[in-house]
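Have a look at the structure below before the remarks.
It should be emphasised that the depicted structure is a prediction, and the values quoted were computed from it without experimental measurement.
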Amino acid sequence: MVAAETPEAPARRLESGGEPTKPSDLSHHFNRVTRERTASSIKSLYKYFQVPGMMNLAGGLPFPGYFPYDTLESAVSTSGRFPPNLIEQLNKPPSKDSGAPGTSSSHLIVPKFKPGGLPGASIDVATTLQYGQASGFAPLAEFVKDFSINHLHGGRIPYEDPEILLTCGNTDGLGKVMQMIAERGDNMLVEEYTYPNAIQTADPYGVSTAPVKVDAEGMLAEGKGGLRDVLENWDHRKFGRRPRFMYTVTIGQNPTGANLSLQRRKEIYHLCERYDVIIIEDDPYWYLQFTKSSRPKGAQTLPTNSTKKRYPFLEALIPSYLTIDTSGRVIRLDTFSKAIAPGCRMGWITAQPAFIERLTRITESSTQSPSGFAQAMVVQLLRNIWGMDGWVGWLEGLRAAYEARMRAMCRVLDAYKESTVVLESKDEDSVIVDKTKMYSFDEPMGGMFVWVHIHIASHPAYSAYLARGHTKRAMMNQLWKYGAEEHICLPCPGWIFGANKGIREDSSAEFFRLCFAAIEAEKIEEATERFGRGIREFWGFSVDEIENCCSADGVAEAQGKEAVWNMGYGGFGC
């Protein structure tokens, strides 16, 4: 059973004034298992459980009076906790508590019973901790649907009746999409540098990856290695079936930090239409857009046919693929992990009704609805403490706080990117020096990461190191371990993000991913300085020193000194 309709849904109109069209029938993408799934016979009874006065002797529901939790309570942040002048502070040297939230809070209580509430819709312990429908707790599903369709996507989804399904986060959502469409022998389109868990999720289904080149904006539509090139020149004798689905992170792309423009999206969508490719849009960082266009300068002009409230912050964000999805081929994954907390394990899928119906059948026989504890706390926070205004305000404050962190890291990275080498010294007062750029980076357009390109081939000992039978990746591994052991600073090695073995051994091996989100704001500069000092020292090593600079077992010795400063390694939830 899909999420409940909001009252506005039947009368939904596009901003252009036109009526939504029916989404295309894409059921030919369902795999055999998905086609054969039927509705849960037990779950089909749940609609009767909600009838007022119904004496329920059918469902195996435990008595809620015996739940050991009488209330769920928490002190929660107010939506205005972040300083309102964070944006103005971005180009100033950060103070010790720059970007740090305040301490303002409210008290959240979920009671055991809430008399007078609608059956199945009361925000109380008895309801939220009970068995529920696979679509999730109705008040939360309704809030998320209203936010997603009417505000995040601005009422611009061009087909009829888009739906949402609550999930246990985007990893769970992607896993269910794979269960729905993946067949052994399939190939999945991905960016050449991509989130490794996506590959690991698809791999057990017998799905291989088909990398697409990227630039500073994200996936390429045209040019050598771009999407058109990959699809038009697909060699089925060598690689098997041409890809029929794509996995992509379009905002704050993980790991590159790129944001895909609306124009590029249109070009890619056109190709996906032509070649019948489903787009799986994974957007955990959609609200973390750092481009100037994402900073609203005032209220937006409302469309003449619209009475819905508009939020300038959301209106300024780059639109989702959903807003140009005329055929209903986009399956969008959203999560609360970055906006509230990863441990709440909650997110949602937005897609056309046929996809949501099949995903609901999968959910009924797997995870069922997300944790009742998490749903109770999140819906009480979003609906009754913050409201829609507070939720959007919280997201805007988070964006500013993470942007302040990003700029602090980039300032230090820029200061350390060159190494000064003494070429000749004639006397104490006269030296000839040369500056070598050890690494380069583009300031990320969004997300939580800086993708740093190490110019390892410019290292004075690079050729000699390779001449001894080592590889580029082996030298990068020595650099990575040296930073962890000697400077107690741990970036994420770029080879993890290569879409296939060739990329992992070659181009992605030249990168480190640095996360500016994981540690205290006041420690970002010191952590980044440690990273920079480690590279500078390594740049002065001879080939013998490179071979012997680290322990055989990696960071074990460093962990004995103090906690390693995590700049993006080890936390593969992101």
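- Under the 3.5 Å distance criterion, the side-chain polar atoms of Gln253 are matched with a main-chain donor or acceptor of Thr256.
- Ring geometry, Phe30 versus Phe355: the interplanar angle exceeds 60°, so the pair is classed perpendicular (tilted spans 30 to 60°).
- At least one side-chain heavy atom of Val450 sits less than 4.5 Å from a side-chain heavy atom of Leu413.
- For Phe538 and His459, the distance between ring centers is under 6.0 angstrom.
- No side-chain donor from either of Ser458 and Tyr439 sits under 3.5 Å from a side-chain acceptor of the other.
- Side chain to side chain, Arg241 and His236 fail the donor-acceptor criterion of an N or O pair below 3.5 Å.
- Applying the salt bridge (charged side-chain N to carboxylate O under 4.0 Å, His left out) rule to Glu281 yields the partners Arg265, Arg332; only residues at least two apart in sequence or on another chain are considered.
- Look at Arg411 and Glu443 and you find no salt bridge, because none of the NZ, NE, NH1 or NH2 atoms lies under 4.0 Å from a carboxylate O.
- The existence of a salt bridge linking Arg473 and Glu505 is confirmed by a sub-4.0 Å separation between a basic side-chain nitrogen and an acidic carboxylate oxygen.
- Using a 4.0 Å cut-off between charged side-chain N and carboxylate O, Arg329 and Asp325 make no salt bridge.
- Between Cys344 atom SG and Leu381 atom CG the span is 10.0 Å, to the nearest 0.5 Å.
- Distance alone, capped at 3.5 Å, places no donor-acceptor pair between the Asp334 side chain and the Gly347 backbone.
- Aromatic ring pairs are classed by plane angle as parallel below 30°, tilted from 30° to 60° and perpendicular above 60°; the pair Phe497 and Trp451 is perpendicular.
- Between Thr528 and Glu525, the side chains place no donor N or O within less than 3.5 Å of an acceptor N or O (distance only, hydrogens not considered).
- Under the 3.5 Å distance criterion, with hydrogens and angles disregarded, a donor-acceptor pair is assigned to the side chains of Tyr482 and Glu537.
- Taking a cutoff of 4.0 Å between a charged side-chain nitrogen and a carboxylate oxygen, Asp544 and Arg468 qualify as a salt bridge.
- For Thr209 (side chain) and Ala499 (main-chain N/O), a donor-acceptor pair under 3.5 Å exists by modelled atom type.
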Audit row: Asp442, His453, side chain to side chain donor-acceptor pair (under 3.5 Å) steps and yes/no: CA-CA 9 Å; Asp442 291 321; His453 185 195; over 6 Å; no
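- Salt bridge Glu364/Arg361: present, at least one basic N to carboxylate O contact under 4.0 Å.
- Side chains of Asn254 and Arg513: a donor on one and an acceptor on the other come within 3.5 Å.
- Aromatic pair Tyr416/Phe531: centroids not less than 6.0 angstrom apart.
- Of all non-hydrogen atoms in Gln352 and Leu26, the two that sit nearest each other are NE2-CD1, 3.9 Å.
- Inspection of the Gln478 and His470 side chains reveals no N or O donor paired with an N or O acceptor under 3.5 Å.
- Of the candidates Asn170, Thr250, Thr335, Asp283 forms a side chain to side chain donor-acceptor pair (under 3.5 Å) with just one, namely Thr250.
- Proximity of a side-chain donor or acceptor of Arg244 to a complementary backbone N or O of His29 within less than 3.5 Å is detected.
- Checking side-chain atoms of Arg405 against main-chain N and O of Phe516 turns up a donor-acceptor pair under 3.5 Å.
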